[in-house]
Amino acid sequence: IMNVSIVAPNKTLYSGKAVSITVPGKNGSFTALENHAPIVSILDKGTISVQAKAESEKVLFEIKSGFVEIHDNIVTICVEVA
């Protein structure tokens, strides 16, 4: 399980636990699961998908741009909302 925070300049869009998260990286979308290698990546226009539980529906966020940092099962995403 990962702790995920998605923040925009004026508010927190999501704060909670997730089993997977998919983000629109500058060089293509990628998915992070528990124990993902540490990474910092620029995000492009697209959709962030957060799956809170293995059997649950995904929560989607449309973004213009941003960046993601992943380390020690902590995912921090700063975005400009579309």
Fill in: Linked, directly or transitively: V81 and V23 (ILVMFWY side chains, under 4.5 Å)
yes
Compile the donor-acceptor pairs under 3.5 Å between side chains in residues 31-40 and protein atoms, sequence neighbours left out, one pair per line.
from	atom 1	to	atom 2	distance (Å)
T31	OG1	T22	OG1	2.8
E34	OE1	I1	N	2.9
E34	OE2	I1	N	2.9
N35	OD1	N73	ND2	3.1

Worksheet item: V79 versus F61: any side-chain heavy-atom pair under 4.5 Å?
Response: no
Item to complete: Not counting sequence neighbours, which residues clear side-chain contact (heavy atoms from CB on, under 4.5 Å) with T47? List them please.
Response: L60, E62
Worksheet item: Who are the side-chain contact (heavy atoms from CB on, under 4.5 Å) partners of K11, not counting sequence neighbours?
Response: L13
Worksheet item: Residues sharing I42's hydrophobic cluster, by side-chain heavy-atom contacts under 4.5 Å among ILVMFWY, directly or via others?
Response: none
Worksheet entry | Shortest non-hydrogen separation from K53 to Q51 and the atoms involved | O-CG, 3.2 Å
Worksheet item: To the nearest 0.5 Å, what is the distance between CD1 (I77) and CG (L43)?
Response: 6.5 Å
Worksheet item: With sequence neighbours excluded, what pairs up with T76 under the side-chain contact (heavy atoms from CB on, under 4.5 Å) test?
Response: I74
Discussion item. In this structure, would V59 and I6 fall into the same cluster of hydrophobic residues linked by side-chain contacts under 4.5 Å?
Written reply: yes
Fill in: Pairwise side-chain contact, I21 with Y14, heavy-atom cut-off 4.5 Å (strictly under)
no
Worksheet item: What's the shortest heavy-atom distance between P24 and S29, and which atoms?
Response: CA-OG, 3.7 Å
Worksheet item: Could you give all pairs that pass the salt bridge (charged side-chain N to carboxylate O under 4.0 Å, His left out) test and reach residues 13-30, with sequence neighbours left out?
Response: K26-D44
